[in-house]
Amino acid sequence: MVDTPCISCGEQLENWVCLTCYDVLCSRYVNAHMAEHSTEKGHPLALSFSDLSVWCFSCDAYIDAQVVNELRPSFEVTYLKKFGVEAPKRSEGESAAKE
């Protein structure tokens, strides 16, 4: 799963999965196929296979997938596929950035 190539160009680096239709496409720093997909299809959220971040194309910002309950299952499955272990659980009120 996390090594799935871009369905448009076959690139295997810096790919993202659309969290609406689950197409895998490359990042804006490769051939920008995920950005094009978001614009053309209206699918705003994508999860990066590189760092497991979630980008919202509509709001032009990252979303914390460990905090948003609807995104947590996608994050957990991808984490397990990438690292072979379950994603660590955050305690309530714990922020993404430790100080």
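All values below were derived from every heavy atom in this structure, side-chain atoms included, with hydrogens, water molecules and symmetry-related copies excluded. If you read the sequence from its start, that first residue is 1, and numbering goes on from there.
- For the ring-ring contact (aromatic ring centres under 6.0 Å, His included) test, no residue two or more places apart in sequence or in another chain qualifies with F49.
- Pairs of residues two or more places apart, or lying in two chains, that qualify as side-chain hydrogen bond (donor to acceptor under 3.5 Å, both in side chains) and include a residue from residues 14-27 are E14-S27.
- Residue pairs satisfying the ring-ring contact (aromatic ring centres under 6.0 Å, His included) criterion with at least one member in residues 58-80, sequence neighbours excluded, are listed as follows: W55-Y62, F75-Y79, Y79-F83.
- Linking Ile, Leu, Val, Met, Phe, Trp and Tyr whenever their side-chain heavy atoms come within less than 4.5 Å puts V77 and V85 in one cluster.
- Listed by first and then second residue, the salt bridge (Lys or Arg N to Asp or Glu O under 4.0 Å) pairs that reach into residues 68-79 are R72-E76, E76-K89, sequence neighbours excluded.
- Applying the side-chain contact (heavy atoms from CB on, under 4.5 Å) criterion to Q12, with sequence neighbours excluded, gives P5.
- Contact of the H37 side chain with the C21 side chain is registered, since non-hydrogen atoms from C-beta on lie closer than 4.5 Å.
- At a threshold of 4.5 Å between side-chain heavy atoms, the hydrophobic network of Ile, Leu, Val, Met, Phe, Trp and Tyr places V24 and V2 in one connected group.
- Shown here for C59 and C56, the closest heavy-atom pair between the two residues is SG-SG, 2.7 Å.
- In this structure, CG in L45 is found 6.0 Å from CG in L71, a value given to the nearest 0.5 Å.
- Hydrophobic clustering (side-chain heavy atoms under 4.5 Å, transitive across Ile, Leu, Val, Met, Phe, Trp, Tyr) groups V68 together with L52.
- From N31, atom CG reaches atom OG of S8 across 9.0 Å, with rounding to the nearest 0.5 Å.
- H43 approaches S38 most closely through the heavy-atom pair O-OG, 2.8 Å.
- Considering CG of L47 and OG1 of T78, their distance stands at 4.5 Å, rounded to 0.5 Å.
- Residues passing the ring-ring contact (aromatic ring centres under 6.0 Å, His included) test with H33: none are found, sequence neighbours excluded.
- In terms of the side-chain hydrogen bond (donor to acceptor under 3.5 Å, both in side chains) criterion, residue partners of S53 (sequence neighbours excluded) are, by chain and number, D51.
- A continuous path of Ile, Leu, Val, Met, Phe, Trp and Tyr side chains, each step under 4.5 Å between heavy atoms, connects I63 with L19, placing both in one hydrophobic cluster.
- Atom NZ of K82 and atom OG of S50 lie 5.5 Å apart (nearest 0.5 Å).
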